[in-house]
Amino acid sequence: MLPPSVLSSFRPLREPGVLRQDLLASLVVFLVALPLCVGVAVASGVPAELGLVTGIVGGLIVGFLPGSALQVSGPAAGLTVLVFEAVREFGLGMLGAIVLLTGALQIVLGLLRCGRWFRAISVSVVHGMLAGIGLVLILGQLYGMTGAAQPLSGLGKIAGLPGLVADTLSDPTALTAAGIGLGTIAVLVLWPKLPASVRRVPAPLAAVALATAVTAGLQLDVANVTVKGLVQAIQPPGLGDLAALGSVAVLGTVLAFTLIASAESLFSAAAVDRMHHGPRTHYDKELVAQGVGNTVCGILGALPMTAVIVRSSANVQAGAKTPLSRIVHGGWLLLFAVLLPAALGIIPLAALAGVLVHAGFKLLPVKDIVPLLRTHRGEALVLVTTAIAIVVTNMFEGVLIGLGLAVVKTAWDTSQAHVDVRELTGGRLVVTLTGNATFLRLPRILETLEALPKDRPIELDLTSVHHLDHACRTTLENWAIRHNDSGTEAVRMKTCPVAAPPPSA
């Protein structure tokens with residue numbers, strides 16, 4: 001029995017035409033999701049079927065849960081880099097255990113009503129995170145497009161590009177694969193400019209279908225997707241994998257999965273809410289729903305899921321009114337995986353790499369960075385630094401660097417202190433400090449204070465200070481004790497009742 005909050009979201013189905021519209025929308029979402037599920041799985045270094053498993057869970061399980069009525073969940077390009085690193089470092093068997101713990105942690109966070117707090121993460125950090133993911137995804141899939149082995153580090157991928165170009169031009173097979181990948185990207189770029197009747201077919205499906213048809217028709221010698229079968233691809237984590245979750249490295253990966261998957265899902269929910277006039281997202285319930293989905297994906301050994309803006313926007317634009325469309329899209333994915341698994345085996349890997357290169361470019365905030373530089377340079381610095389840090393280090397460390405820089409920027413912005421010096425009759429100087437005096441402003445404050453003459457009576461007035469942190473207070477006390485020459489009246493400090501008492505002379 002579904003809870004009333006879920007049943008209420010299906011009430012529009014009673015209205016004429018809504019059921020038909022939702023079923024048509026489910027087909028559109030299925031056609032968008034199919035190539036992306038397969039492409040994300042291949043780029044993550046796991047069997048293609050595991051991407052379909054995550055998409056199926058996102059539809060048939062998360063689709064029923066409350067939170068956001070119209071956004072669609074599944075494997076996301078934003079987690080591709082992190083999943084690839086996790087599989088490379090810990091093995092495919094550990095992936096299910098990591099995703100399982102990620103889901104459990106999301107459920108706990110949702111029950112503790114932490115969903116709303118993910119909205120407090122700096123938008124610049126999130127955009128920088130997505131930009132960094134996009135850059136690493138592009139760099140990695142350029143190697144995948146030609147069938148070459150990609151270096152492990154971001155800097156290695158960049159350094160290897162000249163050699164990749166030279167090797168591709170000298171190898172006919174690699175050049176053919178690169179042509180298929182570039183052709184796929186060209187279709188994706190040009191598709192939105194075609195007539196509306198043509199654009200009814202989703203661009204990713206059209207691009208992959210055309211690349212597959214050309215490859216098969218010309219009998220080109222390129223690598224295709226490896227098919228194992230849905231049941232064979234599912235590998236639940238073993239007891240040894242679950243026991244290894246206690247290691248520091250694994251826990252760091254789990255935290256990275258949790259942070260990125262939750263933030264991407266909730267930011268996607270906010271974006272989807274702006275696209276329609278239906279029920280708004282309940283962020284805590286949505287976080288629980290994502291956690292349930294990832295827990296199930298972890299048990300099945302599949303890819304982690306997030307709410308995906310591409311599929312969600314396709315769902316809204318197709319006219320969906322209820323969660324039925326995203327649920328049925330999961331059913332279409334299941335039918336395809338069971339009845340037509342061999343169809344995956346004719347898809348060229350270069351075409352999927354082209355889809356993901358295009359997806360990586362869409363993660364770059366190209367249109368936003370210039371206006372941001374003009375109006376909020378500090379936020380632009382956080383965005384660019386986060387993206388570069390992810391490329392240079394890794395996902396987790398890059399996000400932590402971005403968050404740390406955002407906190408420092410916020411502290412700097414809120415720490416505004418002003419020093420005013422005026423002279424009274426008799427030569428006494430009164431120094432008034434106002435605003436928020438923190439350690440971040442100490443260099444400028446001390447520069448003014450230390451320039452004061454040491455042979456004059458000085459009074460330091462702190463009564464107008466809104467906040468005085470410990471480091472600043474201690475430094476000011478030490479300055480007051482040591483500043484004036486011997487024989488000159490000691491510096492007097494005038495403080496508010498909440499501040500520390502003045503130092504003894």
Side-chain angles (χ1 to χ4, degrees), residues 116-117 119-128 368-386 388-389 399-505:
R116 68 194 68 183
W117 292 106
R119 300 168 68 190
I121 297 175
S122 169
V123 176
S124 296
V125 174
V126 176
H127 287 171
D368 300 328
I369 190 65
V370 174
L372 198 61
L373 280 170
R374 292 173 180 170
T375 57
H376 301 285
R377 292 184 179 179
E379 296 294 336
L381 176 63
V382 172
L383 189 157
V384 174
T385 301
T386 304
I388 294 175
V399 171
L400 288 181
I401 291 172
L403 288 172
L405 184 59
V407 170
V408 171
K409 176 193 171 294
T410 301
W412 177 263
D413 290 342
T414 57
S415 176
Q416 298 291 338
H418 178 69
V419 182
D420 178 67
V421 181
R422 69 182 189 276
E423 184 175 355
L424 302 180
T425 304
R428 176 179 292 274
L429 298 177
V430 178
V431 182
T432 304
L433 185 63
T434 58
N436 298 307
T438 69
F439 70 95
L440 294 173
R441 299 293 176 174
L442 267 179
R444 183 171 297 179
I445 293 172
L446 286 177
E447 182 179 352
T448 301
L449 295 179
E450 290 173 350
L452 296 174
K454 298 185 178 182
D455 57 353
R456 303 271 292 277
I458 299 174
E459 178 181 311
L460 181 58
D461 185 1
L462 303 178
T463 56
S464 298
V465 174
H466 300 302
H467 173 71
L468 185 67
D469 70 8
H470 177 73
C472 197
R473 181 180 62 197
T474 302
T475 303
L476 292 177
E477 290 173 352
N478 291 332
W479 170 83
I481 293 172
R482 296 182 174 86
H483 180 75
N484 277 5
D485 295 330
S486 58
T488 303
E489 181 182 339
V491 174
R492 294 181 180 180
M493 291 181 62
K494 185 179 180 181
T495 62
C496 58
V498 296
S504 57

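Since the model is a prediction, treat every value here as computed from it, not as a measurement.
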Donor-acceptor contact below 3.5 Å, side chain R441 vs main chain N436: no
Checking R444 now: which residues fulfil side-chain hydrogen bond (donor to acceptor under 3.5 Å, both in side chains) with it, not counting sequence neighbours? none
Heavy atoms, side chains only, cut-off 4.5 Å: are L449 and L476 in contact? yes
Hey, which of E489, H483, M493, R428 is the one that makes side-chain contact (heavy atoms from CB on, under 4.5 Å) with I458? H483
What pairs with T475 under side-chain hydrogen bond (donor to acceptor under 3.5 Å, both in side chains), at least two apart in sequence or on another chain? none
D469 side chain to C472 backbone, donor-acceptor under 3.5 Å: yes
If you define the side chain from C-beta out and look only at heavy atoms, does anything of P457 sit under 4.5 Å from L424? no
Of all heavy-atom pairs linking V408 and L440, the shortest is O-CD1, 4.3 Å
Around atom CD of E447, are there more than 12 heavy atoms of other residues, nucleotides or ligands at under 6.0 Å? no
Inter-residue atom distance R492.CZ - N484.CG, 0.5 Å rounding: 11.5 Å
Enter the distance from T438:OG1 to R473:CZ here, rounded to the nearest 0.5 Å. 13.5 Å
Closest heavy-atom pair, A389 versus I401, reported as atoms and distance to 0.1 Å, is CB-CD1, 3.9 Å
Rounding to 0.5 Å, atoms OG1 (T386) and CG (L400) come to a distance of 10.5 Å
Among E379, K409, H376, whose side chain to side chain donor-acceptor pair (under 3.5 Å) with S124 holds? E379
Could you tell me which non-hydrogen atom of V491 sits nearest to which non-hydrogen atom of A480, and how far apart they are? CB-O, 3.6 Å
Quick one: are I369 and L383 in side-chain contact, heavy atoms under 4.5 Å? yes
Rounding to 0.5 Å, atoms CG (L462) and NZ (K494) come to a distance of 10.5 Å
Just to verify, what does E450 make a side-chain hydrogen bond (donor to acceptor under 3.5 Å, both in side chains) with, not counting sequence neighbours? none
For T434 and S464, work out which heavy atoms get closest and say how close. CG2-CB, 3.6 Å
Is there a side-chain contact between T432 and R422, using heavy atoms and a 4.5 Å cut-off? yes
With side chains defined as the heavy atoms from C-beta onward, is the minimum distance between W479 and I445 less than 4.5 Å? no
